[in-house]
A.B. asks: 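Before we start, here is the structure in question, set down as structure tokens.
Here, residue 1 is the first one in the sequence, and each next residue gets the next number.
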Amino acid sequence: MRFRAKISEAGCLAHFSRAVATVARLAKACALRLTAEQLVFVAGARGAAGGARLWCEVRQGNVFDEFQMEGVAAEKNEIYLEVTPENLSRALKTAQSAKAVKIKLTNKRCPCLTVAVELPSLSSTSRVVTHDIPVGIIPRKLWNDFREPSVPDFDVIEANLNGEMNLKIETDLVCVTTHFKDLGNPPWGSQKSSQERDLETMAEARIDIKRLLQLLAGQQVNPTKALCNIASKRIVHFILLHEDVSLQYFIPALV
């Protein structure tokens, strides 16, 4: 297995750093799936019944100047690593003014993602700060545990087909509702045609407000489009879309 990549464009580096920072705020540990086309951060996949799940894709062609990887086998050209995203985020924070950042899979007493940050220098000698981030190699027999989550057919998109969504917070003392109107209703998968649905009918799900706040406060992807899908009384599915990054976050409904 081999992996090495390089980022030298400041905007791409900042965007990748924000994506990793968002993952770090949403998950303490995750799997990093490396393919020839993309990096995928996966959290909450194994043994996470009733827990939130995260799937964040970074398209390597739009972010990295160089990207080389060899997977475990020719027919399975992928690598799966166990990583602590906070450690990777901390390493990238030192690269805010870097000329280039190189990321490489190494073996230094244990498998590591080595992040080499090349900093500007007044002399002809480059200053390089190196971070060795321990990772675990996920065996091939467990890869299926980290596949993209299957998404149920949603009863409606964004609450109802009239483009209305209500966000309600209830306590023993007060109930506060925020009303959103004129939202879009993009098509999704095999959803039923609008002719078969009551446009006024709401799909609703009660979710843990802490998980929602974690997503809203933690995201730094700066999406160009955000989608909220509701499978009534089952799950709320958020999608943040950007040209280079897509992030999916699944919050199960409370019983």
Side-chain angles (χ1 to χ4, degrees), residues 1-8 12-48 51 53-60 63-121 123 125-147 218 220 245:
M1 294 186 300
R2 296 181 181 180
F3 167 69
R4 62 185 307 158
K6 179 181 178 180
I7 309 175
S8 57
C12 293
L13 178 56
H15 192 54
F16 181 64
S17 298
R18 288 194 295 267
V20 175
T22 297
V23 173
R25 292 192 178 191
L26 295 175
K28 293 182 178 180
C30 69
L32 174 58
R33 177 189 178 195
L34 302 172
T35 73
E37 294 78 26
Q38 61 188 5
L39 294 80
V40 184
F41 295 91
V42 188
R46 300 176 60 196
R53 299 185 66 178
L54 168 73
W55 180 274
C56 180
E57 299 179 3
V58 179
R59 299 179 183 88
Q60 64 88 1
V63 174
F64 295 91
D65 300 282
E66 299 175 12
F67 192 94
Q68 302 174 10
M69 63 87 59
E70 295 180 12
V72 297
E75 72 279 8
K76 290 290 185 181
N77 191 28
E78 300 181 28
I79 300 173
Y80 283 71
L81 305 173
E82 290 181 335
V83 301
T84 302
E86 177 62 26
N87 292 341
L88 180 57
S89 181
R90 287 176 181 172
L92 293 173
K93 286 180 181 179
T94 66
Q96 294 181 359
S97 60
K99 294 171 58 179
V101 172
K102 297 179 181 179
I103 305 173
K104 184 178 180 180
L105 181 60
T106 60
N107 192 347
K108 299 185 177 181
R109 297 186 179 180
C110 69
C112 292
L113 274 180
T114 296
V115 179
V117 181
E118 183 180 352
L119 298 172
S121 175
S123 66
T125 304
S126 297
R127 296 187 300 145
V128 178
V129 177
T130 302
H131 306 264
D132 292 321
I133 303 170
V135 298
I137 305 297
I138 298 175
R140 188 166 162 179
K141 64 182 180 181
L142 298 179
W143 285 8
N144 285 334
D145 293 343
F146 300 97
R147 294 300 181 184
Q220 300 181 35
V245 177

A.B. asks: Return the minimal non-hydrogen interatomic distance between V63 and C12, and the atom names on each side.
C.D. replies: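 The answer is O-CB, 3.4 Å.
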A.B. asks: Given 3.5 Å as the limit, does a donor-acceptor pair link the side chain of Q60 with the main chain of A36, or not?
C.D. replies: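 Yes; at least one donor-acceptor contact below 3.5 Å.
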A.B. asks: With heavy-atom distances below 4.5 Å as the criterion, would you say the side chains of R33 and F146 are in contact?
C.D. replies: no
A.B. asks: If you round to the nearest 0.5 Å, how far is CD1 of I133 from SG of C110?
C.D. replies: 11.5 Å
A.B. asks: Relative to each other, are the rings of F16 and F41 parallel, tilted or perpendicular (30° and 60° limits)?
C.D. replies: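 Judged by the thresholds at 30° and 60°, the geometry between F16 and F41 is tilted.
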A.B. asks: Taking the side chain as C-beta and beyond, is there a heavy-atom pair between C56 and T22 under 4.5 Å?
C.D. replies: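 No, their side chains stay 4.5 Å or more apart.
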A.B. asks: If you draw a 6.0 Å radius around CZ in R18, do more than 12 non-hydrogen atoms from other residues or ligands fall strictly inside?
C.D. replies: yes
A.B. asks: Less than 4.5 Å apart, any side-chain heavy atom of L88 and any of V83?
C.D. replies: no
A.B. asks: What is the minimum heavy-atom distance between A91 and V117, and which atoms define it?
C.D. replies: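 The pair with the smallest heavy-atom distance is O-CG2, 4.2 Å.
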A.B. asks: For a quick test of reading the model, state the closest non-hydrogen atom pair linking A98 to P120 and the distance between them.
C.D. replies: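 Result for this residue pair: CA-CD, 4.4 Å.
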A.B. asks: Mind checking the CD1-CD1 spacing from I138 to I79? Nearest 0.5 Å is all I need.
C.D. replies: 11.5 Å
A.B. asks: Could you give the distance from CG (L13) to CG (D65), rounded to the nearest 0.5 Å?
C.D. replies: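 Atom-to-atom, L13:CG and D65:CG are 10.0 Å apart.
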A.B. asks: Can you name the closest pair of heavy atoms from L105 and V135 and give their distance?
C.D. replies: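 The answer is CD1-CG2, 4.3 Å.
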A.B. asks: Where do V115 and T94 land on the side chain to side chain contact (heavy atoms under 4.5 Å, CB included) test, with the steps shown first?
C.D. replies: CA-CA 10 Å; V115 179; T94 66; over 6 Å; no
A.B. asks: When rounded to the nearest 0.5 angstrom, what is the spacing between CD1 in I103 and CG in L39?
C.D. replies: 7.5 Å
A.B. asks: Output the distance between atom OG1 (T114) and atom NZ (K108), rounded to the nearest 0.5 Å.
C.D. replies: 4.0 Å
A.B. asks: Within the side chain of N77, is there an N or O that forms a donor-acceptor pair under 3.5 Å with the backbone of G71?
C.D. replies: yes
A.B. asks: Just verifying a value: how many Å separate M1 CE and M69 CE, rounded to the nearest 0.5 Å?
C.D. replies: 9.5 Å
A.B. asks: Please determine if E86 and K28 form a salt bridge, counting it only when a charged side-chain N lies under 4.0 Å from a carboxylate O.
C.D. replies: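 Salt bridge absent between E86 and K28.
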A.B. asks: Can you see which heavy atom on P85 is nearest to which on A29, and at what distance?
C.D. replies: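 Result for this residue pair: CD-CA, 3.9 Å.
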A.B. asks: With sequence neighbours excluded, tell me which residues meet side chain to side chain contact (heavy atoms under 4.5 Å, CB included) with E57.
C.D. replies: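 Side chain to side chain contact (heavy atoms under 4.5 Å, CB included) list for E57, sorted by chain: Q38, V40, W55, E148, S246.
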A.B. asks: For A116 versus V128, what's the shortest heavy-atom pair and its separation?
C.D. replies: CB-CG1, 4.1 Å
A.B. asks: Within a strict 4.5 Å, meaning less than it, do heavy atoms of the W143 and V72 side chains meet?
C.D. replies: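 Touching, per the 4.5 Å side-chain cut-off.
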